[in-house]
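This report refers to the structure that appears directly beneath it.
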Amino acid sequence: MADTTTTIHTDVAIVGAGPAGIFTALGLIGKGDTRSITIVEKGLPVERRSCPKAKVGHCVHCQPCRITTGFSGAGAFSDGKLSLSREVGGDLPDLIGHQFAQDTIDRVDQMYLDFGADPHVEGLGHADDVVEIRRRAISAGLKLVDCPIRHLGTEKAQQLYARIEKHLLDAGVNALFETECEEVVIEGGVCHGLVVRSRDGERRIVAGETIVATGRRGASWFGTMCDEHGIGHVAGPVDVGVRVEVRNEVMERVNDVLYESKLIGYPNPYKNKVRTFCQNPGGFVSQENYDGGLAVVNGHSFKDRKSPNTNVAVLCTLNFKSPFDKPILYAQRVSELVNMLGAGHILVQRFGDILDGKRTWPKELSQSNVVPTLPDAEAGDITAAMPMRPMVEIIEFIKAVDRVVPGFASYETLLYAPEVKFYSNRVQMDENFDTNVQHLHCLGDSSGWTRGLMMASVMGLLMGEKLADRGK
């Protein structure tokens with residue numbers, strides 16, 4: 001019988017080995033802080049993170065999903081794009097100051113380079129072409145955010161983060177893999193650590209400082225912790241949408257000039273914010289699995305292996321405040337309905353079929369110029385499950401993007417669903433990342449303040465350095 005009373009004592013406990021958690025540890029170590037650090041990670045070390053689908057051809061529903069969990073987190077494993085502008089990646093600059101955010105982005109970027117990131121930056125050196133693309137965007141009622149991108153690539157990101165993992169372990173960081181955090185221990189307005197569970201049973205981690213950095217996957221869990229323990233937070237937005245896939249020829253100019261075209265619009269009739277996100281030239285559409293068997297779509301791209309297609313997310317931002325204030329739950333329910341129609345698979349539909357009011361059939365996909373890069377996606381009818389409001393706005397947005405990128409709204413353009421982003425819980429904190437609970441901090445996408453690898457890494461580095469300075 002496993003011992004369920006084991007207690008671990010550590011100076012700093014970090015929940016989640018995504019970029020925010022990793023860079024918290026790097027920030028502490030870089031400042032010469034000698035306090036003990038324990039990282040709790042539900043998934044596997046990076047060298048063991050391989051999706052079986054690559055071998056067997058279909059999802060085997062790993063528990064937990066190896067794409068969304070493990071050292072380096074979901075974003076790094078699925079694609080690995082570092083946005084080098086403070087204008088991209090969430091609202092952290094509003095909390096810490098815009099110039100300070102940019103300065104820290106530059107420092108974090110150098111750290112990635114030191115660990116072996118590709119020195120080439122996408123989206124630079126085409127000023128005249130960017131002006132023309134922006135002119136087209138303005139004419140279509142869209143805003144273009146041109147952001148330099150350092151593309152790590154799925155396979156190269158794994159190698160880079162393996163080096164970071166080794167660096168942390170060599171520095172004495174205690175990494176507990178395949179270990180799930182069940183509870184943050186809060187008594188009298190003070191956080192004293194965690195309760196975690198692994199195959200060896202339940203353990204208590206007593207910590208001087210506790211960092212929650214569970215990413216989008218852990219946003220729902222931490223929202224529950226906030227409700228149960230009175231951690232200050234407010235409901236934020238949630239993104240519900242689709243992943244669009246077209247031939248590379250359609251996106252060739254934008255891919256060459258910008259690599260990732262970040263377009264934002266507020267289409268009629270509802271004028272919710274709709275945007276493109278996570279563009280993957282020559283990339284592959286992928287499936288991610290969340291707790292409870294929820295399947296959502298994503299996309300990634302490799303540095304060396306390319307497909308004939310480009311995929312990009314089109315996301316509609318929705319806000320829920322009163323009387324319903326559970327946006328994550330809303331997105332989960334929408335995803336469950338889409339999954340139900342796809343018999344547990346990702347749904348795919350041609351854009352022209354959506355406009356014609358009909359479902360897509362497998363035979364029709366086989367006759368298309370756009371061959372799906374997610375081979376086990378189920379041809380069907382996305383509109384039978386997606387709510388009317390975001391679906392209507394997504395359709396209008398795609399038509400607007402077609403004016404910037406001719407062919408984007410072609411009949412055979414593929415739409416995959418559901419694509420949702422679970423980062424809606426906004427934790428209330430000050431510029432030092434202190435919450436209303438003493439010695440408890442929340443970072444990265446699970447905090448609601450960041451979206452993506454770079455800003456989560458920035459938040460982690462600053463947290464580690466702040467803790468190191470306080471400990472002097």
Side-chain angles (χ1 to χ4, degrees), residues 15-16 18 41-44 48-70 73-75 77-78 177-183 196-199 214-225 238-243 278 284-300 313 315 318 326-349 362 372-387 390 415-425 445-446:
V15 186
E41 170 53 49
K42 186 176 182 178
L44 298 170
R48 292 174 56 196
R49 289 185 65 186
S50 60
C51 180
K53 187 174 182 177
K55 292 183 178 180
V56 303
H58 60 86
C59 179
V60 299
H61 302 285
C62 298
Q63 294 296 328
C65 176
R66 295 186 185 182
I67 292 178
T68 59
T69 61
F77 192 82
S78 66
F177 293 107
E178 298 181 88
T179 301
E180 184 170 6
C181 182
E182 295 188 328
E183 188 82 20
V196 303
R197 179 174 294 277
S198 66
R199 281 179 288 186
T214 52
R216 296 172 196 166
R217 185 185 179 100
S220 180
W221 167 79
F222 191 62
T224 301
M225 293 294 100
V238 67
D239 287 338
V240 176
V242 298
R243 183 149 294 260
C278 186
F284 298 83
V285 177
S286 61
Q287 178 178 324
E288 297 180 348
N289 296 311
Y290 285 74
D291 296 335
L294 195 68
V296 301
V297 65
N298 207 330
H300 60 185
L315 302 172
L318 301 171
K326 303 293 181 185
I328 292 178
L329 180 61
Y330 173 85
Q332 289 172 335
R333 293 292 183 265
V334 170
S335 301
E336 288 170 1
L337 188 57
V338 178
N339 284 175
M340 183 177 71
L341 291 185
H345 293 274
I346 299 299
L347 271 182
V348 61
Q349 187 175 13
T373 56
L374 184 64
D376 60 345
E378 188 70 34
D381 187 354
I382 291 170
T383 63
M386 287 283 285
L415 274 63
Y416 299 81
E419 172 119 8
V420 296
K421 301 304 178 189
F422 300 113
Y423 36 44
S424 60
N425 189 50
D445 287 12
S446 61

Checklist entry - Taking the side chain as C-beta and beyond, is there a heavy-atom pair between Val348 and Tyr416 under 4.5 Å? => result yes
Item to check | Side-chain heavy-atom pair Val285, Pro372 within 4.5 angstrom cut-off | outcome: no
Checklist entry - Is the shortest side-chain N to carboxylate O distance from Arg197 to Glu180 below 4.0 Å? => result no
Item to check | Arg48 with Glu178: basic N within carboxylate O range, under 4.0 Å | outcome: yes
Next on the checklist: Tell me the closest heavy-atom pair linking Thr179 and Ser198, and the distance in Å.
Outcome noted: OG1-CB, 3.6 Å
Checklist entry - Say you draw a straight line from OG of Ser446 to CZ of Arg216; how long is it, rounded to the nearest 0.5 Å? => result 11.0 Å
Next on the checklist: For Arg217 and Glu288: C-alpha separation, side-chain torsions, deciding distance, then whether side-chain contact (heavy atoms from CB on, under 4.5 Å) applies.
Outcome noted: CA-CA 10 Å; Arg217 185 185 179 100; Glu288 297 180 348; over 6 Å; no
Next on the checklist: So which atom in Ile382 and which in Leu415 form the shortest heavy-atom distance, rounded to 0.1 Å?
Outcome noted: CD1-O, 3.0 Å
Checklist entry - For the atom pair CD (Glu183) and OG1 (Thr224), what is the distance rounded to the nearest 0.5 Å? => result 10.0 Å
Item to check | Nearest heavy-atom neighbours spanning Ile346 and Ala417 | outcome: CG2-O, 3.3 Å
Checklist entry - Leu318 and Val240: side-chain contact (heavy atoms from CB on, under 4.5 Å), yes or no, with the steps? => result CA-CA 8 Å; Leu318 301 171; Val240 176; 4.3 Å; yes
Item to check | Considering all heavy atoms, the nearest Val296-Ser335 contact | outcome: CG1-OG, 4.2 Å
Next on the checklist: For Pro362 versus Ala379, what's the shortest heavy-atom pair and its separation?
Outcome noted: N-CB, 3.8 Å
Item to check | With sequence neighbours excluded, residues passing salt bridge (Lys or Arg N to Asp or Glu O under 4.0 Å) with Glu419 | outcome: Arg243, Lys421
Checklist entry - What's the spacing between Met386 CE and Asp381 CG if we round to 0.5 Å? => result 11.5 Å
What pairs of donor and acceptor atoms, side-chain ones from residues 337-344 against any protein atom, are under 3.5 angstrom apart with sequence neighbours left out?
from   : atom 1 : to     : atom 2 : distance (Å)
Asn339 : OD1    : Ala295 : N      : 2.9
Asn339 : ND2    : Ala295 : O      : 3.0

Checklist entry - Can you find a heavy atom in the side chain of Pro418 that is under 4.5 Å from one in the side chain of Val242? => result no
Checklist outcome for this item: d(Gln349 CD, Thr383 OG1) to nearest 0.5 Å is 5.0 Å
Checklist entry - Distance-only, no hydrogens or angles: does the Glu41 side chain make a donor-acceptor pair with backbone N or O of Gly70 under 3.5 Å? => result yes
Checklist entry - Any side-chain heavy atom of Asn298 sitting closer than 4.5 Å to one from Cys278? => result yes
Checklist outcome for this item: Rounded to the nearest 0.5 angstrom, the OH-OG1 distance for Tyr290 and Thr69 is 10.0 Å
